[in-house]
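Computed from heavy atoms alone, side chains included, the values below leave out hydrogens, waters and symmetry copies. Predicted model only: the values in this text are computed from it and were never measured. By convention in this document, chain letters (A, B, ...) are assigned in the order of the sequence lines, proteins followed by strands, and residues within each chain are numbered from 1.
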Number of protein chains: 2
Amino acid sequence: MVDDDRVFKALADPTRRLLLDLLFAREGRTLTELESEVTMSRFGVAKHLKVLEEAGLVVTRRSGREKLHFLNPVPIRLIHDRWIDKYTERHVTALVDLKTALEDEP
Amino acid sequence: MVDDDRVFKALADPTRRLLLDLLFAREGRTLTELESEVTMSRFGVAKHLKVLEEAGLVVTRRSGREKLHFLNPVPIRLIHDRWIDKYTERHVTALVDLKTALEDEP
DNA sequence: AAGTTAGGTGACCAAAAGGTCACATGTCAA
DNA sequence: TTGACATGTGACCTTTTGGTCACCTAACTT
């Protein structure tokens, strides 16, 4: 899925994950507000927010001259459901087998 | 967490996710075997496998001149538990609130 | 109306990432 | 022991990414 790729790439940057954390703690923040919590210029933050928005992880609402940012957990939910589940919910036995295989090494 | 960062970055590339899928389908494959399933030179695949290994997503075992690759789902489980859960398990109401807020827009 | 505040754009740069290749090492097989 | 096979390494190149800045528009304030 092409969309998944954008989400994974958006999540790959620590600053962007921090921005998501900030929005998780309190939604509806403006760019300036977010900038003040990060050691980066406004332009850098704006770029990161754009990436998050294009990945669908953040949605925005304009209010006068301000732009309010909201977290959208749906894309994370989607990659969770159709990708991560696969690797985490099954194969406890496979894991044990691997451990055994490694322990057999000299 | 610094380790999380390596995992997220490792997951950001579609070729690497494909390699994980291939190992998920059948573990213990060699580099040459994996190379044959991907439109990329052996060197490219080797680089990707190294990234996956350094992120802990793949573990290897040497067998003669071959290097066998195994999937390790533990790091995915970890980011699932301490990061993704946070965004997916709660806040159904927050989501509804957001939807309402957006619908109020002109 | 004038100044201030919030945000957007495009140019620009440095660093990192993705990919290939020539070459080198180690291992198996005849 | 010779040749083929599996993999590792470092140089190298191109594209992408992360970040800043100068400059612009739009909206609030007084």
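Not one side-chain nitrogen or oxygen of B/H48 sits closer than 4.0 Å to the OP1 or OP2 atom of C/dA17.
With C/dG18, C/dG7, D/dT17 as the candidates, the nucleotide lying closest to the side chain of A/E66 is C/dG7. The side chain of A/L31 has C/dG8 as its nearest neighbour among C/dG19, D/dG8, C/dG8.
Within residues 34-47 of chain A, the residues having any heavy atom closer than 4.0 Å to DNA chain D are, in order of number, A/M40, A/S41, A/F43, A/G44, A/K47.
Contact of the B/V7 side chain with the B/W83 side chain is not registered, since no non-hydrogen atoms from C-beta on lie closer than 4.5 Å. Contact annotation: the side chain of A/E54 approaches that of A/K50 to within less than 4.5 Å [non-hydrogen atoms, C-beta and beyond]. A 4.5 Å side-chain heavy-atom check between B/R77 and A/Y87 finds every atom pair outside the cut-off. With contacts defined as side-chain heavy-atom distances shorter than 4.5 Å, the pair B/L57/B/V51 does not qualify. Two residues are said to be in side-chain contact when any heavy atoms from C-beta on lie closer than 4.5 Å; A/K67 and A/L31 fail this criterion.
The side-chain hydrogen bond (donor to acceptor under 3.5 Å, both in side chains) analysis of residues 35-46 of chain B, with sequence neighbours excluded, yields the pairs B/R29-B/E37.
DNA chain D is contacted by both B/R29 and A/G64; B/R29 maps to the nucleotide lying nearer its 5′ end (nearest heavy atom per residue).
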Close N or O pairs between protein and nucleotides 3-5 of chain D (under 3.5 Å):
unit_1: D/dC5; atom_1: O2; unit_2: B/R65; atom_2: NH1; d: 3.1

